[in-house]
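All remarks here apply to the structure that follows.
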Amino acid sequence: MTGLGWVTDLGLHLPSPVEELCDDQLTRHGVQVFVKRDDLISEKVPGNKWRKLKYNLTDAAAAGMSTVLTFGGAFSNHIRATAAAGEIIGVRTIGVIRGEEHLPLNWSLSAAVASGMHLTYLDRSAYRRKDDPGVIADLRRRLGDFFLIPEGGSSPAGVRGCAEIITEVGLEFDLVCCACGTGGTLAGIAAGLKPGRTAIGFSALKGGHFLTGVVAGLQRAAFGRSTDNWRVECGFHFGGFAKNPPELRCFVDAFAERHGILLETVYVAKMMYGIFALVRRGVIPPGTKVLAIITGPAEPPPRPAAGRV
Ligand SMILES: *Cc1c(COP(=O)(O)O)cnc(C)c1O
């Protein structure tokens with residue numbers, strides 16, 4: 001793996017397409033919403049997970065590292081994407097998973113293992129301390145040397161990759177919206193905006209107010225300064241991370257019916273629901289052109305836990 005030649009090995013569809021949503025619920029309020037389909041970048045390394053891996057993997061290569069280690073929950077999109085990218089470009093991958101091992105592995109971890117990822121586990125209290133030098137030194141003693149990519153890929157390199165989501169867009173818009181988990185995507189896209197444009201990040205977590213400090217910190221680490229053109233919206237967590245109540249499911253079904261796009265439920269559906277609600281309330285005022293980032297594809301349908309990958 002040298003330079004960025006390996007990027008072509010991933011068969012990526014870039015730049016990702018931008019489409020307008022034609023929807024009465026928007027035109028009635030005089031708002032236009034465009035979606036940037038980062039979910040279509042790649043089947044195996046899609047969405048903002050590709051954006052964040054790009055410069056992390058470049059840095060790993062530049063450092064001459066043949067093993068990458070990263071962190072995530074048991075259904076982490078980032079874990080699967082890292083495993084798939086590592087398999088394609090020939091880098092060994094280790095996934096450090098939050099919590100206990102549960103066998104048989106769920107579909108997400110099975111897919112990571114099928115891509116050659118080695119899994120190891122940290123109990124919840126050790127996982128909370130995963131950025132401590134002591135915890136990382138312990139992992140190095142157990143697993144050998146590695147290039148570390150933080151949870152969600154949100155290192156300064158990952159944040160810089162997310163800024164490219166915006167530099168790809170030629171269309172005029174006023175407001176860009178994305179979902180927020182670790183905050184790396186919001187940090188990057190807000191930093192990439194022209195003056196006068198703003199960003200809203202919709203927290204997928206309950207109590208996401210802490211993200212404001214996190215996003216500003218990520219911007220300072222990546223670009224040396226934070227910007228004041230964004231905010232975190234905390235009103236659309238639907239009960240907490242990965243919660244999917246009937247009201248959200250109804251919205252996803254109706255959206256698929258109207259637009260032929262099945263929304264990813266953990267992050268993207270909450271953002272999209274939030275955009276429509278803010279348009280209804282006039283918080284996103286008439287005349288606004290919104291760019292909504294579809295940061296990843298819908299999950300595969302539920303399948304039996306055992307057997308197939
Ligand atoms: C990981 C993920 C996010 C969260 O992005 P952060 O940069 O961690 O805030 C949003 N959408 C999708 C689809 C994701 O997989």
Side-chain angles (χ1 to χ4, degrees), residues 16 35-56 70-85 95 98 108 111-112 149-166 176-192 199-219 221-222 230-234 236-238 240-242 244 248 252 261-275 292-300:
S16 62
V35 288
K36 182 155 174 67
R37 300 290 308 271
D38 265 20
D39 55 320
L40 303 179
I41 289 176
S42 151
E43 196 184 321
K44 295 201 143 178
V45 197
N48 64 351
K49 300 305 179 278
W50 155 248
R51 303 285 182 181
K52 295 199 266 190
L53 282 169
K54 179 178 175 186
Y55 293 116
N56 274 302
T70 194
F71 300 88
F75 289 93
S76 166
N77 295 334
H78 167 68
I79 288 287
R80 278 197 321 283
T82 304
R98 179 180 59 231
S108 186
I149 301 178
E151 184 176 49
S154 291
S155 61
V159 171
R160 286 197 301 278
C162 290
E164 295 183 352
I165 297 173
I166 296 302
V176 57
C177 294
C178 69
C180 265
T182 63
T185 305
L186 177 60
I189 65 176
I200 301 177
F202 291 80
S203 176
L205 322 157
K206 186 148 86 182
H209 297 281
F210 76 95
L211 282 168
T212 301
V214 170
V215 171
L218 288 169
Q219 286 193 320
W230 56 269
R231 71 178 178 90
V232 178
E233 167 61 58
C234 295
F236 300 97
H237 58 73
F238 287 89
F241 188 68
N244 186 14
L248 189 60
V252 167
I261 300 174
L262 187 58
L263 299 173
E264 185 270 352
T265 57
V266 176
Y267 298 98
V268 180
K270 292 179 180 181
M271 169 199 70
M272 195 62 79
Y273 186 107
I275 291 172
I293 313 300
I294 310 290
T295 39
E299 304 84 341

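Remember, it's 1-based here, ligands and their atoms both numbered in the order they're listed.
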[X] neighbourhood, listing ligand 1 atoms whose heavy-atom distance to it stays under 4.0 Å:
X    : value
C180 : 9 (O)
K52  : 5 (O), 6 (P), 7 (O), 8 (O)
N77  : 14 (C), 15 (O)
T185 : 5 (O), 6 (P), 7 (O)

* Which option out of I189, T295, V266 puts a heavy atom nearest to atom 11 (N) of ligand 1? -> T295

* With atom 12 (C) of ligand 1 as the reference point, say which of F202, F75, Y267 has the nearest heavy atom. =>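 It is Y267 that holds the nearest heavy atom.
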
* Asked: When you look for heavy atoms under 4.0 Å from ligand 1, do you find them on the side chain of L186, its backbone, both, or neither?
  -> neither

* To do: Check each heavy atom of H78 against ligand 1 and say whether those closer than 4.0 Å belong to the side chain, the backbone, both or neither.
  =>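 No part of H78 is near ligand 1 at this cut-off.
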
State, yes or no, whether a side-chain contact exists between [X] and [Y] at a heavy-atom distance under 4.5 Å.
X    : Y    : value
E299 : N77  : no
L53  : H78  : yes
V266 : F241 : yes

* How are the rings of Y273 and F236 set relative to one another: parallel (under 30°), tilted (30 to 60°) or perpendicular (over 60°)? -> tilted

* Asked: Does some non-hydrogen atom of M271 fall short of 4.0 Å from ligand 1?
  -> no

* Asked: Under a heavy-atom criterion of less than 4.0 Å, does G296 contact ligand 1?
  ->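 Contact check G296 vs ligand 1: positive.
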
Closest protein heavy atom (residue, atom, distance) for [atom]:
atom                   : answer
atom 1 (C) of ligand 1 : K49 NZ, 1.7 Å
atom 3 (C) of ligand 1 : N48 ND2, 3.3 Å
atom 8 (O) of ligand 1 : T182 OG1, 2.6 Å

* Asked: With sequence neighbours left out, which residue pairs that include part of residues 152-166 fulfil the side chain to side chain donor-acceptor pair (under 3.5 Å) condition?
  ->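 Applying side chain to side chain donor-acceptor pair (under 3.5 Å) to every pair that reaches into residues 152-166, excluding sequence neighbours, yields K52-S154, K54-E164, Y55-E164, N56-S155, S154-T182.
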
* Out of I189, L186, I275, which residue meets the side-chain contact (heavy atoms from CB on, under 4.5 Å) rule with C177? ->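 In the set I189, L186, I275, the residue that makes a side-chain contact (heavy atoms from CB on, under 4.5 Å) with C177 is I275.
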
* Asked: With distance as the sole criterion, is a donor-acceptor pair present between the side chains of R37 and S16 under 3.5 Å?
  -> no

* Can a donor-acceptor pair be found between the side chains of R51 and N48 at a distance below 3.5 Å? ->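 There is no such pair (donor and acceptor under 3.5 Å, judged by atom type) between the side chains of R51 and N48.
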
* Asked: Looking only at atom types and distance, does a side-chain atom of E233 sit under 3.5 Å from a main-chain N or O of F202, one as donor and one as acceptor?
  -> no

